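Take this structure, written in structure tokens, and hold onto it; I'll ask about it next.
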Protein chains: 2
Amino acid sequence: MTRVLVIDDEPQIVRALVINLKARTYEVDAAHDGATALRLAAARHPDVVVLDLGLPDMDGVEVIRGLRGWTRVPILVLSARHSSDEKVEALDAGADDYVTKPFGMDELLARLRAAVRRAEPTGGDEDAVTVETEAFTVDLAAKKVNRDGKDVRLTPTEWHLLEVLVRNTGRLVGQKQLLQEVWGPSYGTETNYLRVYMAQLRRKLEADPSHPKHFITEPGMGYRFEK
Amino acid sequence: MTRVLVIDDEPQIVRALVINLKARTYEVDAAHDGATALRLAAARHPDVVVLDLGLPDMDGVEVIRGLRGWTRVPILVLSARHSSDEKVEALDAGADDYVTKPFGMDELLARLRAAVRRAEPTGGDEDAVTVETEAFTVDLAAKKVNRDGKDVRLTPTEWHLLEVLVRNTGRLVGQKQLLQEVWGPSYGTETNYLRVYMAQLRRKLEADPSHPKHFITEPGMGYRFEK
DNA sequence: CCGTCGCGTCAGGGTTGCGTCAAAGACTGT
DNA sequence: ACAGTCTTTGACGCAACCCTGACGCGACGG
């Protein structure tokens, strides 16, 4: 889940933001002053920061610098000041975006999404795209399958089939669905294709292809991939 | 030097932007319609795009989608429309920032700096700028390839292709993706280009070009660079 | 007990995709 | 205008892949 840190000293604004963000399943922390904000940021490592420049204890630009000293988390600045100088100063200090009050909630959320989307690849890749079993490892991003330390060569159709199954690990995938996802929407009854290619996958990946542990047949229904 | 692509059909705005950007030592390309913009983006690979939504030939959002299909270059949208819906649509389509006209040049430049700064780590990863294999060394920053102590001469297309592959070391890169990143978004089926240029790269870099160890073909899918 | 249905296995043949070479076209700088 | 380089395009041989049909097996139900 995406974690947002909201920093503003006006309770109404904080309340409005928190309600809207939580409704969209963001996880939200809030701070009313700069010192708390910096402490919270360090403790909670938010994925994005929404910062009001007008804080009681310190200059908003100082908060930006304080954050930028150790993190590249996206910072979205809120401010009542429309002056161009203020914007330039905040942006050059390291802010990612600058929204003037009063702002539309839709726009703010869109800018927030843009900021988070940008930061995504840096923060969260590589971990969730590989699936491991005791016999082999599948890397969805690299399109690689490793078995006993060696890469296994798969043909496009084999890979496609494997991909659909792995993306539904533990779930049953109907034969019609498999056929349509791999061979195209006009296929749905050619179950012999499935039999041939499942056999090839098992031969390449299962320790004992005739007694599969991971590519399981559900007779009359479809197939299931288990770790 | 930072390369900027300016897309706007109003000559005055383009002129103002070009003058201001060049004064700050940016390299500037300009397009006055969407089709030209997409072609220029593919040919010149700008570091940031400034896009006016009101174009004569196509919807600005379509331009965003056309770019996002193959690149993550920062897109800064200009628009006369203040409507919240327009902003949300553009941002969710993949824009990075949205500035309404009339805009202050200082602010625009500051937002441009912010966008470029953010994108830097993707381009300038300190640790991955040189990739070594037992046969040759690729220096992404210096755009140089060294083999047996001597620099290898590569044509622009050869280099571009090598660059995309090396940036995805170990990962499979689909032929469509390769074509679009190297030749531009309107390419995607001309796989013969790939065959010709892969052959040239292998001839120049592989110890045994007919049995490549680093530039590996995945039939029907794409190519993979391995150390 | 036997017929049917669904699944696994195997091997052959048509088709596709890849590597290679060569030549024509486009571009650049002199 | 010319020469050199780079890009595009076409043709061909070869290997790999995908489809197809045939057969055997086990499960289930009549």
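Quick note: numbers below take in every heavy atom, side chains included, and nothing from hydrogens, waters or symmetry partners. What you see is a predicted model, and the numbers here were worked out from it, not measured in a lab. Every chain is numbered from 1 and lettered A, B, ... according to where its sequence line falls, protein lines coming before strand lines.
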Practice item. Report the distance from atom CG of B:Leu154 to atom C1' of D:dC6, rounded to the nearest whole Å. Key: 13 Å
Study note, to complete from the structure: Rounded to whole Å, CG of B:Leu194 lies from C1' of D:dT7 at a distance of 14 Å
Review point. Whole Å only: how far is the NZ atom of B:Lys204 from the P atom of D:dT5?
Key: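 So the two atoms are 11 Å apart, to the nearest Å.
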Check your understanding: Using a cut-off of 4.0 Å on non-hydrogen atoms, how would the nucleic acid contact of A:Tyr187 be classed: base, sugar-phosphate, or nothing?
Key ->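 No contact.
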**Study point:** Whole-Å distance separating the CG atom of A:Asn192 from the P atom of D:dG21
**Key:**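 Between P of D:dG21 and CG of A:Asn192: 9 Å.
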Review point. Within the structure shown, what part of the strands sits under 4.0 Å from B:Arg153 by heavy-atom distance: base, sugar-phosphate, or nothing?
Key: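 Touches sugar-phosphate only.
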Check your understanding: B:Tyr223 has a side chain; which of D:dC17, C:dG19, D:dT9 sits nearest to it?
Key ->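 For B:Tyr223, the side-chain atoms sit closest to C:dG19.
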Point to revise | Other residues, nucleotides, ligands: >12 heavy atoms within 6.0 Å of B:Lys204 NZ | key: yes
**Study point:** Sugar-phosphate, base or nothing in reach of B:Gln175, heavy atoms under 4.0 Å
**Key:**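 Sugar-phosphate only.
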Practice item. Starting from the 5' end of DNA chain D, give me the residue, A:Gln200 or B:Glu190, whose nearest nucleotide shows up first. Key: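 The residue whose closest nucleotide sits nearer the 5' end is B:Glu190.
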**Study point:** A:Glu206 CD - C:dT9 C1' separation (whole Å)
**Key:** 16 Å
Exercise for review: Could you tell me which non-hydrogen atom of A:Arg117 sits nearest to which non-hydrogen atom of B:Asp92, and how far apart they are?
Suggested key: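 What the structure gives for the nearest pair is NH2-CA, 4.1 Å.
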Review point. B:Phe215 CZ to C:dT20 C1': how many Å, rounded?
Key: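 Spelled out: CZ on B:Phe215 to C1' on C:dT20 is 18 Å.
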Practice item. Kindly say if B:Thr157 contacts the phosphate of D:dC6, meaning a side-chain N or O under 4.0 Å from OP1 or OP2. Key: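 No, because none of the side-chain N or O atoms of B:Thr157 sits under 4.0 Å from OP1 or OP2 of D:dC6.
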**Study point:** Nearest-angstrom distance from the residue atom CG of A:Asp208 to C1' of C:dG8
**Key:**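 From A:Asp208 CG to C:dG8 C1': 13 Å.
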Review point. For C:dG19, does either OP1 or OP2 sit under 4.0 Å from a side-chain N or O belonging to B:Ser210?
Key: no
Review point. Are B:Tyr197 and D:dT7 close enough that a side-chain N or O sits under 4.0 Å from OP1 or OP2?
Key: yes
Check your understanding: Taking for each residue the nucleotide of DNA chain C bearing the nearest heavy atom, is the 5' side occupied by B:Ala199 or by A:Gly222?
Key -> A:Gly222
**Study point:** Phosphate-side-chain proximity, B:Thr217 and C:dG19, N/O vs OP1/OP2 below 4.0 Å
**Key:**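 Yes.
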Review point. Side chains of B:Ile13 and B:Lys101: closer than 4.5 Å at any heavy-atom pair?
Key: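 SC-SC contact between B:Ile13 and B:Lys101 confirmed.
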Check your understanding: How are the rings of A:Tyr193 and A:Trp183 set relative to one another: parallel (under 30°), tilted (30 to 60°) or perpendicular (over 60°)?
Key ->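 Because their plane-to-plane angle lies in the 30° to 60° range, the rings of A:Tyr193 and A:Trp183 count as tilted.
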Revision key, fill the gap. 5'-most contact on DNA chain D (nearest-nucleotide basis), B:Trp183 vs A:Pro156, goes to B:Trp183
Check your understanding: Under 30°, 30 to 60°, or over 60°: which ring-plane class applies to A:His214 and A:Phe136, parallel, tilted or perpendicular?
Key -> perpendicular
Check your understanding: Counting just side-chain N and O atoms, does B:Arg195 come under 4.0 Å of either OP1 or OP2 of C:dG17?
Key -> no
Point to revise | Rounded distance in Å - CG (A:Leu201) to C1' (D:dC17) | key: 14 Å
